[in-house]
Amino acid sequence: MGTVAALAATAAFAVSPAQAAAWETSEQWGTWENGGYTLYNNIWGSGAGSQTIWADSFSDWGVRADHPNTGGIKSYPNAKKVVNRRIADIGSLSSHYDVTVPSSGAYNTSYDIWDTDYDHEIMLWVNQTGAVGPLGSHQADVALGGHSWSVYKGDNGSNNVYSFLRTSDSTSGTVDMKPVLDWITEQGWMSADETIGDVQFGYEITSSAGGLEFTTNDFGVSSG
């Protein structure tokens with residue numbers, strides 16, 4: 001086999017795992033259930049381009065997104081775990097993540113934690129790139145759950161939003177969410193009687209012109 005042919009064969013072998021993903025869709029609201037999690041393509045913003053989500057499991061998945069270089073969030077592809085426990089009854093709630101993200105575009109890699117009534121949204125940004133920012137105004141700088149955060153509080157007209165922006169970007173780690181929830185209740189923003197419903201993790205994408213890859217190498221949520 002010649003050098004060029006050998007290189008071509010190697011390249012073909014290298015891309016074959018992505019082609020053989022257990023699940024893949026470009027549908028706007030495409031979903032897949034696996035291992036007690038739901039994966040969701042979730043192209044919800046106006047002016048969106050194309051986006052394909054693929055997965056071998058809830059902890060091994062990725063996205064190729066080609067959204068135009070315009071303002072406004074286009075999508076939030078994510079994996080979701082349902083918790084359904086009152087904050088006061090949660091003994092522990094944590095998650096680990098390991099991602100590979102592009103150096104261009106505009107996006108954040110974030111957890112999105114909701115109460116069951118969808119009145120309260122808690123966002124934990126572990127990294128961000130480009131012209132993106134949180135809703136509302138700065139409230140405090142805190143060290144919680146193994147990370148340092150800048151905290152913002154706002155209202156999008158449908159629900160309260162509490163955004164915790166990690167003070168330096170991270171592509172892997174573990175977040176202890178219980179201290180975050182307790183801190184929010186201590187501020188009087190939520191009641192400890194609120195029930196936490198969904199813990200989501202994914203990529204809130206504003207722009208990714210030309211097509212960018214977002215890969216979740218490992219992820220999982222633990223509660224007790």
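Nothing here was measured: the structure is a model prediction, and the numbers come from that model.
Using a 4.5 Å cut-off between side-chain heavy atoms of Ile, Leu, Val, Met, Phe, Trp and Tyr, with links allowed through other members, Val151 and Leu135 fall into different hydrophobic clusters. Trp183 is not connected to Met123 by any chain of hydrophobic side-chain contacts under 4.5 Å among Ile, Leu, Val, Met, Phe, Trp and Tyr, and they are in different clusters. Residues Ile184 and Val83 are members of one and the same hydrophobic cluster, defined by side-chain heavy-atom contacts under 4.5 angstrom among Ile, Leu, Val, Met, Phe, Trp and Tyr. Under a hydrophobic clustering in which Ile, Leu, Val, Met, Phe, Trp and Tyr are joined whenever their side-chain heavy atoms come within less than 4.5 Å, directly or via other members, Val175 and Val99 fall into the same cluster. Cluster annotation: Val180 is connected to Trp189 through the hydrophobic network of ILVMFWY side chains, with a link wherever side-chain heavy atoms come within less than 4.5 Å.
For the residue pair Ser158 and Tyr118, no side-chain donor N or O sits within less than 3.5 Å of a side-chain acceptor on the partner. Judged purely by distance below 3.5 Å, without hydrogens or angles, the side chains of Gln139 and Ser137 pair a donor atom with an acceptor atom. For the residue pair Asn127/Thr109, the side-chain donor-acceptor check at 3.5 Å is satisfied.
Panel note: side chain Asp115, backbone Asp119; a donor-acceptor pair is recorded below 3.5 Å. With hydrogens and angles ignored, the 3.5 Å screen pairs a side-chain donor or acceptor of Arg85 with a backbone N or O of Gly224. Of the possible donor and acceptor atoms, none in the side chain of Asp176 sits under 3.5 Å from a partner among the backbone N and O of Ser94. Ser207 places no side-chain N or O within 3.5 Å of a backbone atom of Ala209 that could act as its donor or acceptor partner. Ser191 places a side-chain N or O within donor-acceptor distance of the main-chain N or O of Asp193, the cut-off being under 3.5 Å. At least one donor-acceptor pair under 3.5 Å links the side chain of Ser170 to the backbone N or O of Ser172. Using a distance-only test at 3.5 Å, with no hydrogens or angles considered, a donor-acceptor pair links the side chain of Ser208 to the main chain of His67. With hydrogens and angles disregarded, a donor-acceptor distance shorter than 3.5 Å links the side chain of Ser95 to the backbone of Gly220.
Inter-residue side-chain proximity for Ile87 and Lys178 is flagged as met; some heavy-atom pair is nearer than 4.5 Å. Taking the side chain as every heavy atom from C-beta outward, Ile90 and Leu181 approach each other to under 4.5 Å.
Taking CD1 from Ile73 and CG from Asn108, the interatomic distance works out to 7.0 Å, rounded to the nearest 0.5 Å. In this structure, Thr116 OG1 and Arg86 CZ are separated by 11.5 Å, a value rounded to the nearest 0.5 Å. For the atom pair NZ (Lys80) and CD (Gln200), the distance works out to 6.5 Å, reported to the nearest 0.5 Å. Here the straight-line distance linking atom CD of Glu27 with atom CG of Asn41 works out to 8.5 Å at 0.5 Å rounding. Taken from OG in Ser92 to CE in Met177, the straight-line distance is 11.5 Å, to the nearest 0.5 Å. Between the CG atom of Leu165 and the OG atom of Ser150 there is a distance of 6.5 Å, given to the nearest 0.5 Å.
Closest approach of Ser110 to Trp125, counting heavy atoms only: CB-CD1, 3.9 Å. Thr129 and Ser103 get closest at one heavy-atom pair: CG2-O, 3.8 Å. Nearest heavy atoms, Val161 versus Ser163: CG1-OG, 3.7 Å. In this structure, Trp149 and Arg166 approach most closely via the heavy-atom pair CE3-N, 3.4 Å. Closest non-hydrogen pair, Leu212 versus Ser104, comes out as CD1-O, 3.5 Å. The two residues Ala48 and Ile43 come nearest to each other via the heavy atoms CB-CG2, 3.5 Å.
Looking at residues two or more places apart in sequence or on another chain, you find no side chain to side chain donor-acceptor pair (under 3.5 Å) involving Thr171. With sequence neighbours excluded, no residue satisfies side chain to side chain donor-acceptor pair (under 3.5 Å) with Gln128. For the side-chain contact (heavy atoms from CB on, under 4.5 Å) test, residues two or more places apart in sequence or in another chain that qualify with Ser26 are Thr52. Looking at residues two or more places apart in sequence or on another chain, you find a side chain to side chain donor-acceptor pair (under 3.5 Å) between Asp112 and Trp114. Under the side-chain contact (heavy atoms from CB on, under 4.5 Å) criterion, Lys81 pairs with Tyr37, Val221, not counting sequence neighbours. Residues passing the side-chain contact (heavy atoms from CB on, under 4.5 Å) test with Asn160, sequence neighbours excluded: His120, Asp155, Tyr162.
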Would Val199 and Tyr111 count as a side chain to side chain contact (heavy atoms under 4.5 Å, CB included) here? Give the steps. CA-CA 7 Å; Val199 175; Tyr111 289 91; 4.3 Å; yes
Start with the C-alpha distance between Tyr40 and Ile53, add both sets of side-chain angles, then the distance that settles side chain to side chain contact (heavy atoms under 4.5 Å, CB included), and finish with yes or no. CA-CA 8 Å; Tyr40 190 19; Ile53 186 172; over 6 Å; no
Gln187/Lys153 under side chain to side chain contact (heavy atoms under 4.5 Å, CB included): CA gap, chis, key distance, verdict: CA-CA 11 Å; Gln187 310 314 301; Lys153 180 175 180 286; over 6 Å; no
Dump the intermediate steps for side chain to side chain contact (heavy atoms under 4.5 Å, CB included) on Gln51 and Tyr203, then the final yes or no. CA-CA 12 Å; Gln51 179 176 293; Tyr203 310 96; over 6 Å; no
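When each of Val126, Ile122, Ile113 is tested with Phe164 by the rule side chain to side chain contact (heavy atoms under 4.5 Å, CB included), just one qualifies, namely Ile122. Just one of Tyr107, Tyr76, Phe201, Trp61 meets the ring pair (Phe, Tyr, Trp, His ring centres under 6.0 Å) condition when paired with Phe214; it is Tyr107.
Phe58 and Phe219 have perpendicular rings, their planes meeting at more than 60° on a 0 to 90° scale where under 30° would count as parallel.
Taking the ring centroids of Trp54 and Trp32, they lie at or beyond the 6.0 Å cut-off.
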